[in-house]
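Input: a single structure, listed below in structure tokens.
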Amino acid sequence: MKDVYILGIETSCDETSVSIVKNGNEEIATTVLTQMDTHAKYGGVVPEIASRMHTENITMVLEDALKKANMKVSDVDAIAVTYAPGLLGSLLVGVEFAKVLSFVYDKPLIATHHIAGHIYANNLVKKLEFPLLALVVSGGHTELVMMEDDYKFKILGTTKDDAIGESFDKVARVLGLPYPGGPNVEKYAAEGEHTYNLPKPMDNNELDFSFSGLKSAVINTCHNEEQRGNEVRKYDLARSFQEVAFDQVIRKTKLAISKYNAKRVIVAGGVSASAFLRKEVEKLCNDMNVDLTIPPMRYCTDNATMIACAAYPQYLKKDFADLSLCAKSQEYFFKEEISSKVDE
Ligand code: KG4
Ligand code: ZN
């Protein structure tokens, strides 16, 4: 079969990225321009600034990726873009840019879901084999997903309130740590000890998650310490929060492996950049004799490589979009999956 080159575009949050990937698993070249330093000044992503910066930078990012790949747009077989979910103004820049490229160069357009991107980033390590259990942990998602085949997602469990990454970001704010929250909580946690008593969320036989009670407990702990005139032991509190949050993730993953007799686990999403989580999942999968894949760190945070990977099965199915494609801030997962959430 002829090789397929897909040009991926990702602008859903604060990274402008373009990548060219061969056959869904071989990275040819990628450029990621992060706006992190700019948003750090404001303590979080400012949507208006994010979309303006994507607009200013996207052409340069495309040119850089093409130069590294030694290719032209006319050499690729399709243009794939993250159409959902994310910041609407940011997504729009990528979607409109992709539509122009598709029209001008007469290439098929592929609308790719951001979370599918995180999942398919694992293809860069090892081709996905089904069935598999995907642990999705990001700023907007916390799910255990069973995949019987390409693009067949069945949600086994999801969060009842906050996403895990969101809770890390909020806890970082409460502890006065700079944006981005997750990595900074992890840095503090590495220096501390688990000495704060925090509630164990979802201590039951369900596969759903909850993080808002834990987050509130961290906020209350800070207030209580302050009221007593004590200094908050930030390193310890970060450590206790991290341990309790990931203990829940590990417990639920273990439960899902047992309930569904899973033989393969993959991890996806920005939170999988946590060294602590990576170690804990490795330990779990080792103990349970389950095959584990986690993308290398640079593919855990947002990038266009994962989008071009996830677009490959769509290309094979000729699942193409047309120029009426719209960005969607909140396309939760794929519509079918919401209805197919497995009842416990
Ligand atoms: O996947 P991602 O880049 O954006 C979304 O698609 O949501 O994930 C970003 C999330 C943020 O909430 C960030 O705080 C979290 O991932 N994160 C971490 C770590 N690195 C990133 N959370 C905990 N520990 C980390 N080391
Ligand atoms: Zn992401």
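Source: prediction; values computed, not measured.
- Not one N or O on the side chain of Thr112 forms a donor-acceptor pair closer than 3.5 Å with the backbone of Ala310.
- Look at Lys317 and Asp150 and you find no salt bridge, because none of the NZ, NE, NH1 or NH2 atoms lies under 4.0 Å from a carboxylate O.
- One finds a salt bridge joining Asp64 and Lys68 here, because a Lys/Arg side-chain nitrogen approaches an Asp/Glu carboxylate oxygen to under 4.0 Å.
- At a threshold of 4.0 Å, the pair Glu148-Lys154 does not count as salt-bridged, since none of the basic side-chain nitrogens sits closer than that to a carboxylate oxygen.
- Judged by distance alone, with hydrogens and angles left aside, the side-chain atoms of Ser102 form no donor-acceptor pair with the main-chain N or O of Ala98 at under 3.5 Å.
- What you find for Ala65 and Val18 is that their closest heavy atoms are CB-O, 3.7 Å.
- Put simply, Leu277 and Phe209 are part of the same group of oily side chains (I, L, V, M, F, W, Y) that touch within less than 4.5 Å, one to the next.
- Using a cutoff of 4.0 Å between basic side-chain nitrogens and carboxylate oxygens, Lys279 and Glu282 are not scored as salt-bridged.
- Here the closest non-hydrogen pair linking Asp236 and Gly192 is OD1-CA, 3.4 Å.
- Taking the side chain as every heavy atom from C-beta outward, Val267 and Val137 approach each other to under 4.5 Å.
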Evaluation steps, side-chain hydrogen bond (donor to acceptor under 3.5 Å, both in side chains), between Asn57 and Thr16
CA-CA 7 Å; Asn57 294 326; Thr16 317; 4.8 Å; no
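- For the pairing with Ser210, the side chain to side chain donor-acceptor pair (under 3.5 Å) check across Thr142, Asp161, Thr159 returns one residue only, Asp161.
- Using modelled atom types, one side-chain atom of Asn184 and one backbone atom of Pro178 make a donor-acceptor pair closer than 3.5 Å.
- Salt bridge annotation for Lys252-Asp208: absent, with no cationic side-chain nitrogen under 4.0 angstrom from a carboxylate oxygen.
- Grouping the Ile, Leu, Val, Met, Phe, Trp and Tyr side chains by contacts below 4.5 angstrom, directly or via other members, places Leu316 apart from Ile119.
- Taking 4.5 Å as the limit, some side-chain heavy atom of Leu255 sits within range of a side-chain heavy atom of Asn205.
- Taking the ring centre of Tyr188 as origin, the terminal cationic atom of Arg239 falls outside the region bounded by 6.0 Å and 45° from the ring axis.
- Linking Ile, Leu, Val, Met, Phe, Trp and Tyr residues whenever their side-chain heavy atoms come within less than 4.5 Å leaves Val171 and Tyr179 in two separate clusters.
- Salt-bridge formation is not detected for the pair Asp287/Lys283: no Lys NZ or Arg NE/NH1/NH2 atom is positioned less than 4.0 Å from an Asp or Glu carboxylate oxygen.
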Could you walk me through whether Thr30 and Thr305 pass side-chain hydrogen bond (donor to acceptor under 3.5 Å, both in side chains), step by step?
CA-CA 6 Å; Thr30 301; Thr305 324; 2.9 Å; yes
Please step through side-chain contact (heavy atoms from CB on, under 4.5 Å) for the pair Val185 and Lys187, ending with a clear verdict.
CA-CA 5 Å; Val185 170; Lys187 268 187 215 147; over 6 Å; no
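- Contact detail for Pro295 and Cys300: the closest heavy-atom pair is O-SG, 3.4 Å.
- A side-chain donor-acceptor contact under 3.5 Å links Asn23 to the backbone of Val4.
- Between Asp149 and Lys152 no salt bridge is recorded (no basic side-chain N to carboxylate O distance below 4.0 Å).
- For Leu128 against Asn123, the heavy-atom pair with the smallest separation is N-OD1, 2.8 Å.
- Remark: side-chain polar atoms of Glu15 are not paired, donor with acceptor, to backbone N or O of Gln35 under 3.5 angstrom.
- Looking at Gln248 and Lys200, their side chains never come closer than 4.5 Å, going by heavy atoms from C-beta outward.
- In this structure, Asp75 contributes its side chain and Lys72 its backbone to a donor-acceptor pair below 3.5 Å.
- In this structure, the ring of Phe241 has its center less than 6.0 angstrom from the ring center of Phe168.
- Side chain to side chain, Asn122 and Thr293 fail the donor-acceptor criterion of an N or O pair below 3.5 Å.
- Taking the ring centroids of Tyr120 and Tyr151, they lie under the 6.0 Å cut-off.
- In this pair, His114 and His118 present their aromatic rings perpendicular. The plane angle is above 60°, beyond the 30 to 60° band.
- A continuous path of Ile, Leu, Val, Met, Phe, Trp and Tyr side chains, each step under 4.5 Å between heavy atoms, connects Leu284 with Val249, placing both in one hydrophobic cluster.
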Go through the steps for Val81 and Leu325 under the test side-chain contact (heavy atoms from CB on, under 4.5 Å), then give the verdict.
CA-CA 10 Å; Val81 63; Leu325 176 66; 4.1 Å; yes
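- Between Ser138 and Ile115, some side-chain heavy-atom pair lies under the 4.5 Å cut-off.
- Side-chain atoms of Leu175 and Leu237, non-hydrogen and from C-beta on, do get closer than 4.5 Å to each other.
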Show your reasoning for whether side-chain hydrogen bond (donor to acceptor under 3.5 Å, both in side chains) applies to His194 and Ser240.
CA-CA 4 Å; His194 181 12; Ser240 294; 2.9 Å; yes
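- Between Lys259 and Glu206, none of the side-chain N atoms (NZ, or NE/NH1/NH2) sits under 4.0 Å from a carboxylate O, so this pair counts as no salt bridge.
- Note on ring orientation: taking the six-membered ring where Trp is involved, the planes of Phe276 and Phe246 are parallel (angle under 30°, cut-offs 30° and 60°).
- Formation of a donor-acceptor pair under 3.5 Å by the Ser272 side chain with backbone atoms of Gly269 is found in this model.
- Side-chain contact between Leu92 and Glu96 is present, with at least one heavy-atom pair separated by less than 4.5 Å.
- A donor and an acceptor atom, one from each side chain of Ser12 and Glu10, are located under 3.5 Å apart.
- Taking 4.0 Å as the cut-off between side-chain N and carboxylate O, Asp3 and Lys22 count as a salt-bridged pair.
- Taking OG1 of Thr82 as the start and NZ of Lys328 as the end, the distance is 14.5 Å to the nearest 0.5 Å.
- With Arg264 contributing its side chain and Ala134 its backbone, the two residues share no donor-acceptor pair below 3.5 Å.
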Check the pair Glu225 / Asn230 against side-chain hydrogen bond (donor to acceptor under 3.5 Å, both in side chains), numbers first and verdict last.
CA-CA 5 Å; Glu225 291 282 44; Asn230 298 336; 3.1 Å; yes
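- By the salt bridge (Lys or Arg N to Asp or Glu O under 4.0 Å) test, Arg298 pairs with Glu27, sequence neighbours left out.
- Open room surrounds CZ on Arg173; 12 or fewer heavy atoms of other groups in view lie less than 6.0 Å from it.
- The closest donor-acceptor contact from the side chain of Lys99 to the backbone of Gly94 lies at 3.5 Å or more, if one exists at all.
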side-chain contact (heavy atoms from CB on, under 4.5 Å) assessment of Ile266 paired with Leu135:
CA-CA 6 Å; Ile266 63 160; Leu135 169 65; over 6 Å; no
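- With contacts defined as side-chain heavy-atom distances shorter than 4.5 Å, the pair Ile28/Tyr5 qualifies.
- Across Ile294 and Arg278, no two heavy atoms sit closer than the pair CG2-NH1, 3.5 Å.
- Cluster annotation: Ile9 and Val32 are assigned to distinct hydrophobic clusters (Ile/Leu/Val/Met/Phe/Trp/Tyr, side-chain heavy-atom contacts under 4.5 Å, transitive).
- A donor-acceptor contact closer than 3.5 angstrom is absent between the side chains of His54 and Asp14.
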Kindly determine whether Val265 and Asp291 satisfy side-chain contact (heavy atoms from CB on, under 4.5 Å), including the steps that lead there.
CA-CA 6 Å; Val265 169; Asp291 186 66; over 6 Å; no
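- For the residue pair Lys215 and Asn220, no side-chain donor N or O sits within less than 3.5 Å of a side-chain acceptor on the partner.
- Using modelled atom types, one side-chain atom of Glu186 and one backbone atom of Ala275 make a donor-acceptor pair closer than 3.5 Å.
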